[in-house]
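Below you'll find the structure, written out as structure tokens, and then a few comments.
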Amino acid sequence: MKTRFLRDLKVSAIGYGCMGLSHGYGAVPERSESIRLIQSAFDLGCTFFDTAEAYGAGENERLVGEAVKPFRHKIVLATKLHLNKKDGNTAVLIRRHLEASLKRLGTDYVDARVIIGLS
């Protein structure tokens, strides 16, 4: 598969947006089928996987983390979060959200994180 750069991150030209595996498009696949789909995408050359804490109330991150565990060090993993500034210090909130995402993903790092809302 062709690759490209997102800033300094080398990724497959086709990434896998994992939202639909636990949220958003009606009925979701069985967990085992979702894991098989993610792993098959990797086998076909996909190295960029995207999730978010909001997809399925964190369940998508758990699913993605489980699926990519065997090849975590070979992919770029992105997640997103939403912040409400009324909840406190922005830096503290980002750290809290990121730590929770890392726990759900079962990893000690993400390659990209995006704040999808700051209200």
Side-chain angles (χ1 to χ4, degrees):
M1 183 178 295
K2 291 182 180 182
T3 59
R4 60 184 57 173
F5 282 91
L6 299 177
R7 289 196 183 191
D8 60 338
L9 297 173
K10 186 176 181 181
V11 298
S12 54
I14 299 173
Y16 197 128
C18 299
M19 180 181 81
L21 299 176
S22 61
H23 165 84
Y25 298 118
V28 298
E30 293 288 330
R31 184 177 189 81
S32 60
E33 179 67 5
S34 295
I35 290 170
R36 189 190 69 72
L37 289 168
I38 291 169
Q39 293 176 343
S40 293
F42 174 75
D43 291 342
L44 292 169
C46 183
T47 61
F48 181 57
F49 295 86
D50 175 72
T51 183
E53 66 179 8
Y55 302 164
E59 187 53 34
N60 195 263
E61 287 181 325
R62 288 182 197 90
L63 171 73
V64 171
E66 181 180 341
V68 303
K69 186 175 182 176
F71 47 85
R72 170 63 187 102
H73 63 286
K74 297 179 180 180
I75 64 162
V76 171
L77 183 58
T79 191
K80 297 174 290 300
L81 57 102
H82 179 270
L83 297 180
N84 185 338
K85 288 185 354 182
K86 297 178 208 170
D87 291 338
N89 179 294
T90 302
V92 171
L93 290 171
I94 291 171
R95 178 181 280 294
R96 188 179 306 145
H97 282 268
L98 182 55
E99 287 173 350
S101 287
L102 292 173
K103 184 175 181 179
R104 286 187 295 269
L105 288 162
T107 189
D108 59 352
Y109 70 101
V110 291
D111 303 288
R113 62 191 177 279
V114 178
I115 299 171
I116 57 173
L118 189 58
S119 50

Just by distance, do the side chain of [X] and the backbone of [Y] share a donor-acceptor pair under 3.5 Å?
X      : Y     : answer
Glu53  : Thr79 : no
Asp111 : Ala78 : no
Ser12  : Thr47 : yes

Return the minimal non-hydrogen interatomic distance between [X] and [Y], and the atom names on each side.
X     : Y      : result
Met19 : Gly24  : CE-CA, 4.4 Å
Asn60 : Ser22  : ND2-OG, 2.8 Å
His73 : Tyr109 : CA-OH, 3.7 Å
Arg72 : Thr107 : NE-OG1, 3.3 Å
Pro70 : Glu66  : CD-O, 4.0 Å

Test side chain to side chain contact (heavy atoms under 4.5 Å, CB included) applied to Ser34 and Val64, Leu63, Val28, the passing residue: Leu63

Test log, rule salt bridge (charged side-chain N to carboxylate O under 4.0 Å, His left out), inputs Glu59 and Arg31: CA-CA 10 Å; Glu59 187 53 34; Arg31 184 177 189 81; 2.6 Å; yes

Minimum side-chain heavy-atom gap Glu33-Arg36 below 4.5 Å: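 A side-chain contact under 4.5 Å exists here.
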
Student check: side-chain heavy atoms of Val76 and Lys10 closer than 4.5 Å: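 The answer is no, as the side chains (C-beta and beyond) never meet within the 4.5 Å cut-off.
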
Verdict with supporting geometry, Lys103 and Glu99, salt bridge (charged side-chain N to carboxylate O under 4.0 Å, His left out): CA-CA 6 Å; Lys103 184 175 181 179; Glu99 287 173 350; over 6 Å; no

Rounded to the nearest 0.5 Å, what's the gap from [atom1] on [X] to [atom2] on [Y]? Could you check?
X      : Y     : atom1 : atom2 : value
Phe42  : Met1  : CZ    : CE    : 11.0 Å
Ile75  : Phe48 : CD1   : CZ    : 10.0 Å
Ser101 : Leu77 : OG    : CG    : 9.5 Å
Ile38  : Leu21 : CD1   : CG    : 5.0 Å
His97  : Lys80 : NE2   : NZ    : 14.5 Å
Leu37  : Glu30 : CG    : CD    : 12.0 Å

Shared hydrophobic cluster for Leu105 and Tyr16 (ILVMFWY, side-chain gaps under 4.5 Å):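 As far as the 4.5 Å side-chain criterion goes, Tyr16 and Leu105 are connected within one cluster.
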
Single-linkage hydrophobic cluster Val68~Leu102, side-chain heavy atoms < 4.5 angstrom: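 Both belong to a single hydrophobic cluster.
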
Other residues, nucleotides, ligands: >12 heavy atoms within 6.0 Å of Tyr25 OH: no

Leu9 atom CG: more than 12 heavy-atom contacts under 6.0 Å: yes

Parallel, tilted or perpendicular: rings of Phe71 and Phe49 (30°, 60°):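 Tilted: the ring planes of Phe49 and Phe71 meet at 30° to 60°.
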
